[in-house]
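Notes follow the structure.
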Amino acid sequence: MIDPDGPVPVYRQVANILAGRISNGDLAAHRPIPSEAAIVQEFGVARGTARRAVAELRERGLVYTVPQRGTYVGQPEA
């Protein structure tokens, strides 16, 4: 699933997988995405990598973060 030696950075690979789950509806709009701890556990990556993957999703406009609450899937585009 994750190729640590591949040309694509690991954080971007994780972000791409999560983006795929958002686009196919596995992660629904306005519902929380997996926590950093859950991402670390599922993908076997460092916490900083998980944090960077979430930041990548935020930069793509796929998720938004509510302080003290968590990170949620954004509204899908019509």
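Between A29 and G74, the shortest heavy-atom distance links the atoms CB-O, 3.6 Å. For A38 against P34, the heavy-atom pair with the smallest separation is CB-CB, 4.0 Å. When all heavy atoms of H30 and Y72 are compared, the pair lying nearest together is O-CD2, 3.7 Å. Between V10 and P4, the shortest heavy-atom contact is CG2-CA, 3.8 Å. Nearest heavy-atom pair, A19 versus R60, reported as atom, atom and distance to 0.1 Å: CB-NH1, 3.7 Å. Between Y11 and A53, the shortest heavy-atom contact is O-CB, 3.4 Å.
Distance CD/E56 to CD/Q13: 12.0 Å, rounded to 0.5 Å. Interatomic distance, I33 CD1 to L62 CG, rounded to the nearest 0.5 Å: 10.0 Å. Once rounded to the nearest 0.5 Å, the distance linking CG of N16 with CG of L57 reads 8.5 Å. Taken from CG in D26 to CG in L18, the straight-line distance is 10.5 Å, to the nearest 0.5 Å.
More than 12 heavy atoms of other shown residues, nucleotides or ligands fall within 6.0 angstrom of atom CZ in R58.
In this structure, V66 is not a member of the same hydrophobic cluster as I22, with clusters built from ILVMFWY side-chain heavy atoms closer than 4.5 Å.
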Quick one: side chains of residues 39-48, donor-acceptor pairs under 3.5 Å with protein atoms, not counting sequence neighbours, listed by atom name and distance.
unit_1, atom_1, unit_2, atom_2, d
E42, OE1, R21, NH1, 3.3
E42, OE2, R21, NH1, 3.2
E42, OE2, R21, NH2, 2.5

